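All remarks here apply to the structure that follows.
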2 protein chains.
Amino acid sequence: MKYVDATARAKILKALASPIRLMLVDELSRGDRCVNDLRPLAQVTQSAISRHLAQLKNAGIVTERRAGLRNIHHLECPCILQALDCTLGVLRSEAQHRSKLTKTE
Amino acid sequence: MKYVDATARAKILKALASPIRLMLVDELSRGDRCVNDLRPLAQVTQSAISRHLAQLKNAGIVTERRAGLRNIHHLECPCILQALDCTLGVLRSEAQHRSKLTKTE
DNA sequence: AAAGTATATGACTATATGTGAATATTGTCA
DNA sequence: TGACAATATTCACATATAGTCATATACTTT
């Protein structure tokens with residue numbers, strides 16, 4: 001894998017690599033939402049949510065459209081759910097690994 | 001999605017979210033490697049490679065075993081390749097999106 | 001035991017990221 | 001136009017991350 005490709009891919013993974021942004025993506029996977037809808041998901045200021053969404057937009061994961069005062073956010077790439085699956089896989093295999101260790105030692 | 005779950009998942013994605021670590025994972029997906037094998041992949045010091053590998057280990061993505069002087073690294077979770085697929089998906093849909101914009105405007 | 005090889009770690013610097021508070025922008029409605 | 005609501009942006013600061021160099025550790029070979 002070339003460095004440029006890896007960099008492009010890393011940028012996307014980086015955009016996902018935050019608890020808050022994962023929760024935003026998770027919520028958006030169930031339908032479009034405006035910032036105010038998403039606000040209660042995390043205990044941070046509106047400013048912070050806005051910046052997290054900006055990162056997701058910047059990575060091409062999320063798009064937005066205006067609807068009057070609201071800015072509606074839309075999950076552009078449902079393929080993101082693959083990445084979420086992957087994390088579950090790691091967590092599972094880690095749990096397995098740990099239980100093996102405790103059995104042996 | 002709860003914050004604790006999201007945090008665990010974010011930790012894994014964070015471990016992947018670096019060009020160098022992606023290249024390491026990519027190489028490991030083709031077989032086990034020791035640090036010296038991986039060193040030429042990135043133009044950083046041995047120290048840096050070692051730290052990157054430590055992060056992958058810490059996230060449960062990679063495991064290691066001693067073989068004499070060598071520390072052999074092994075990709076524990078091939079499911080990681082799902083996450084890599086996902087990034088391709090985003091890149092593709094972004095390219096599509098961009099070409100639509102240039103056509104319309 | 002001494003020398004050598006492979007890898008990890010500590011101390012440090014530079015840069016990036018996350019955050020709240022305050023402020024700016026954009027759009028609506030009276 | 002003026003007041004208001006939703007969202008974005010800027011600033012100042014704290015913390016995290018990536019990198020290097022020097023050094024420590026683990027193991028092998030002579």
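The sequence lines fix the lettering, A, B, ..., with proteins before strands; numbering per chain opens at 1. Not measured: the values here are computed from a predicted model.
Note on Asn36(B): a side-chain N or O is less than 4.0 Å away from OP1 or OP2 of dT7(C). Phosphate contact (OP1/OP2 of dG19(D), side-chain N/O of His52(B), threshold under 4.0 Å): present. At the phosphate of dA18(D), OP1 or OP2 sits under 4.0 Å from a side-chain N or O atom of Gln55(B). Applying the 4.0 Å criterion to OP1 and OP2 of dT17(C), one finds that Lys14(B) has every side-chain N and O outside that range. Residue Arg21(A) places at least one side-chain N or O closer than 4.0 Å to OP1 or OP2 of dG18(C).
Atom CG in Leu69(B) sits roughly 5 Å away from atom C1' in dC27(D) (whole-Å rounding). One atom, CE of Met23(A), and another, C1' of dG18(C), lie 14 Å apart when rounded to the nearest Å. As rounded to whole Å, 11 Å separates atom P of dC29(C) from atom CZ of Arg70(A). Atom-to-atom, CG of Leu16(A) to P of dG18(C) comes out at 13 Å; the value is rounded to the nearest Å. Protein atom CG of Leu56(B) is 11 Å distant from nucleotide atom P of dA18(D), rounded to whole Å. Rounded to an integer number of Å, the gap from CG of Leu53(B) to P of dT17(D) is 17 Å.
If you take CE on Met1(B) and CZ on Arg30(A), they are separated by 8.0 Å, rounding to the nearest 0.5 Å. Atom NE2 in His74(B) sits 9.0 Å away from atom CG in Leu28(B) (nearest 0.5 Å).
Using modelled atom types and a 3.5 Å distance limit, the side chains of Arg21(A) and His52(A) yield a donor-acceptor pair.
Under the 4.0 Å criterion applied to side-chain N and carboxylate O atoms, Asp32(B) and Arg65(B) are assigned as salt-bridge partners.
The residue Ile20(B) sits close only to the backbone: its heavy atoms come under 4.0 Å of sugar-phosphate atoms, none of a base.
A donor-acceptor contact under 3.5 Å is not formed by the side chain of Arg51(A) with the base of dT9(D). Evaluation of atom-type donor-acceptor distances gives no pair under 3.5 Å for the side chain of Gln46(B) against the base of dA6(C). Contact of Ser47(A) with dA21(C) (side chain to base): a donor-acceptor pair of N or O atoms is detected under 3.5 Å.
Where Ala54(B) and Arg66(A) each meet DNA chain C at their nearest nucleotide, the meeting point lying more 5' is that of Ala54(B). Comparing Ile72(B) and Ala48(A), the nucleotide of DNA chain C nearest to each residue sits closer to the 5' end for Ile72(B).
Of all nucleotides listed (dT7(C), dT20(D), dT26(C)), dT20(D) comes nearest to the side chain of Thr45(B).
In this view, Thr63(B) and Glu76(B) satisfy the side chain to side chain donor-acceptor pair (under 3.5 Å) rule, not counting sequence neighbours.
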